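Worth saying up front: this structure is predicted, and the values here are computed from it rather than measured. Hydrogens, waters and symmetry mates play no part in the numbers below; they use all other heavy atoms, side chains included.
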Amino acid sequence: MDARIIEKGKLLAIISYITLIGLIITYLANGRLKNEFTKFHLGQAIRIFFVAIFLFIILGFIIQLTGLGFLFYANLAPFILSVLGILNAVNGKTTPLPIIGTFGEKK
């Protein structure tokens, strides 16, 4: 990917990892700009968002049934993945995130 494209999309790529509002702002702004670097990181951030929802619901259900409160700490995984995504965006990398980075992609 061209360094100019990366520099132009870096800020929106970073914003996409910061809360749902940042995700929406990036989606709307990149619809107009069509930056490939931002598009890659937007896809990664969307995956993190769905994983966060899934973990919150499933782990909440499991904790209620079993009383295994320590499972609550698994809800930190989306935060850790977001930090990794931000670091990749800051460094201009398009490396998929661990475990979830390629979910939903055609092979």
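Distance CZ/Phe79 to CD1/Ile48: 11.0 Å, rounded to 0.5 Å. In this structure, Ile58 CD1 and Ile53 CD1 are separated by 12.0 Å, a value rounded to the nearest 0.5 Å. In this structure, Ile24 CD1 and Leu20 CG are separated by 4.0 Å, a value rounded to the nearest 0.5 Å. Between atom OG of residue Ser16 and atom CZ of residue Phe49 there is a gap of 13.0 Å, rounded to the nearest 0.5 Å. If you take CD1 on Ile6 and CG on Asn91, they are separated by 11.0 Å, rounding to the nearest 0.5 Å.
Counting only distance, with no hydrogens or angles, the side chain of Asn30 and the backbone of Asn35 share a donor-acceptor pair below 3.5 Å. In this structure, the side chain of Arg47 engages the main chain of Gly43 through a donor-acceptor pair within 3.5 Å. No donor-acceptor pair under 3.5 Å is formed between the side chain of His41 and the backbone N or O of Thr94. Of the possible polar contacts, one joining the Gln44 side chain to the Leu97 backbone as a donor-acceptor pair under 3.5 Å is found. Under a 3.5 Å cut-off, the side chain of Asn75 and the backbone N or O of Ala52 do not form any donor-acceptor pair.
Of all heavy-atom pairs spanning Tyr17 and Ser82, the tightest one is O-OG, 3.9 Å. Of all non-hydrogen atoms in Gly9 and Thr38, the two that sit nearest each other are O-OG1, 2.9 Å. Closest approach of Ala74 and Pro78 over heavy atoms only: O-CD, 4.1 Å.
Electrostatic pairing of Glu7 and Lys10 counts as a salt bridge here, judged by a charged N lying under 4.0 Å from a carboxylate O.
Linking Ile, Leu, Val, Met, Phe, Trp and Tyr residues whenever their side-chain heavy atoms come within less than 4.5 Å places Ile62 and Phe72 in a single cluster. Clustering ILVMFWY residues whenever any of their side-chain heavy atoms sit less than 4.5 angstrom apart, transitively, puts Ile57 in a cluster other than the one holding Phe54. Residue Leu59 is grouped with residue Val51 when hydrophobic side chains (ILVMFWY) are merged at heavy-atom distances under 4.5 angstrom, including chains of intermediate members. Grouping the Ile, Leu, Val, Met, Phe, Trp and Tyr side chains by contacts below 4.5 angstrom, directly or via other members, places Leu81 with Ile99. Linking ILVMFWY side-chain heavy atoms closer than 4.5 Å, directly or via other members, places Phe50 and Leu84 in two distinct hydrophobic clusters.
Counting heavy-atom neighbours within 6.0 Å of Ile21 CD1, excluding the residue itself, gives a total of 12 or less.
None of Val90, Leu87, Asn88 except one satisfies the side chain to side chain contact (heavy atoms under 4.5 Å, CB included) rule with Ile14; the exception is Val90.
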